[in-house]
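Notes follow the structure.
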Amino acid sequence: MMNYMLLLIPFAGTCLGSFMVFFMKEKISDKLEKVLLGFAAGVMVAASVWSLLIPSLELAGESKISWVPAAVGFMLGIVFLLLIDCFVPHLHLESDKPEGVKSKLQKSSMLLLAVTIHNIPEGMAVGVAFAGVFSGNTNMSLMGAVALAVGISIQNFPEGAIISMPLKEIGISKGRAFIYGSLSGAVEPVAALITIALTAYIVPVLPYILSFAAGAMIYVVVEELVPESQNGEHTNIGTIGFALGFVLMMILDVALG
């Protein structure tokens, strides 16, 4: 039971980040937003490499085509998020201010939907890691799975803040902004539990699923986080945030794994 409680670690990060809206006076500063975006991107890139792609390659064996599951799964993850962006309104925080023809509730609902869908692969990644541990048939350790969960939680902290704070800016109360921001991460433990429940079917294709989750996370980094962190002034702050996030997640994964 205690091991399953670890699945809530990423969700806790989202809730803590969303809670920052209660300390917000007016609006999040550009510098803080950029460092948070860069930090989240760095964590996700490091997690994709050390927690997902490298284990995918190791699980595939030492044959000459051991790279196939990692390559195929990675590209499927990219395509999956690409299709999501085709069907879900693509919202950028800086440009999505309320307009006369759209209500604030509509804008908030679309933002919540987009972020929630993007969080599904992260929940799958955690579920896959713990499914590998529980099955006992992989080289993945419990501490390695915890490292991934902690890394995603760290990434979710700024994500929760970045969701809830702009909602406050467009007139939504702090309480509702906190709830909306937290709900965006609630899908992660659910996706993780479903993944674990299907362990018997998942383990044989674990290398593909690990790399799939990595591809989905990299898509979010390249399409959303990096462009936002490098938009306008203070781009060097976003770069520093990226470096700090990358190094921190690398250390967590290597030290705990």
Kindly indicate whether the side chain of [X], heavy atoms from C-beta on, has any atom under 4.5 Å from the side chain of [Y].
X: Val79; Y: Tyr219; answer: no
X: Phe130; Y: Leu6; answer: yes
X: Val49; Y: Ile54; answer: yes
X: Leu53; Y: Leu210; answer: no
X: Ile218; Y: Met44; answer: no
X: Val190; Y: Ile194; answer: yes
X: Trp50; Y: Met249; answer: no

Inter-residue atom distance [X].[atom1] - [Y].[atom2], 0.5 Å rounding:
X: Phe246; Y: Phe39; atom1: CZ; atom2: CZ; value: 13.0 Å
X: Ile209; Y: Leu198; atom1: CD1; atom2: CG; value: 9.0 Å
X: Leu36; Y: Lys31; atom1: CG; atom2: NZ; value: 14.0 Å
X: Arg176; Y: Ser164; atom1: CZ; atom2: OG; value: 13.5 Å
X: Leu76; Y: Leu82; atom1: CG; atom2: CG; value: 12.5 Å
X: Ile179; Y: Cys15; atom1: CD1; atom2: SG; value: 10.5 Å

| said: Between Thr14 and Glu188, is there a side-chain donor-acceptor contact under 3.5 Å, judged purely by atom types and distance? | reply: no

| request: Carefully, step by step, assess Leu81 and Val220 under the rule side chain to side chain contact (heavy atoms under 4.5 Å, CB included). | output: CA-CA 8 Å; Leu81 265 292; Val220 174; 4.1 Å; yes

| Path from Phe11 to Val126 over hydrophobic side-chain contacts below 4.5 Å | no

| Plane angle bin for Phe178 and Phe22 - parallel if under 30°, tilted between 30 and 60°, otherwise perpendicular | tilted

| said: Would you say the ring centers of Trp67 and Phe74 fall short of 6.0 Å from each other? | reply: no

[X] versus [Y], closest heavy-atom pair with distance:
X: Gln230; Y: Gly238; answer: NE2-C, 4.0 Å
X: Glu228; Y: Lys34; answer: O-NZ, 3.3 Å
X: Ser182; Y: Ser18; answer: N-OG, 3.3 Å
X: Leu7; Y: Ala192; answer: CD2-CB, 4.0 Å
X: Pro189; Y: Leu8; answer: CB-CD2, 4.0 Å
X: Ser48; Y: Ala214; answer: OG-O, 3.7 Å

Between the main-chain N or O of [Y] and the side-chain N or O of [X], is there a donor-acceptor pair closer than 3.5 Å?
X: Ser153; Y: Ala149; answer: no
X: Ser56; Y: Pro207; answer: yes
X: Thr235; Y: Asn231; answer: no

| field | ring pair (Phe, Tyr, Trp, His ring centres under 6.0 Å) involving Tyr208 - partner list, sequence neighbours excluded | value | none

| said: If the condition is ring pair (Phe, Tyr, Trp, His ring centres under 6.0 Å), which residues does Phe212 pass it with, not counting sequence neighbours? | reply: Phe80

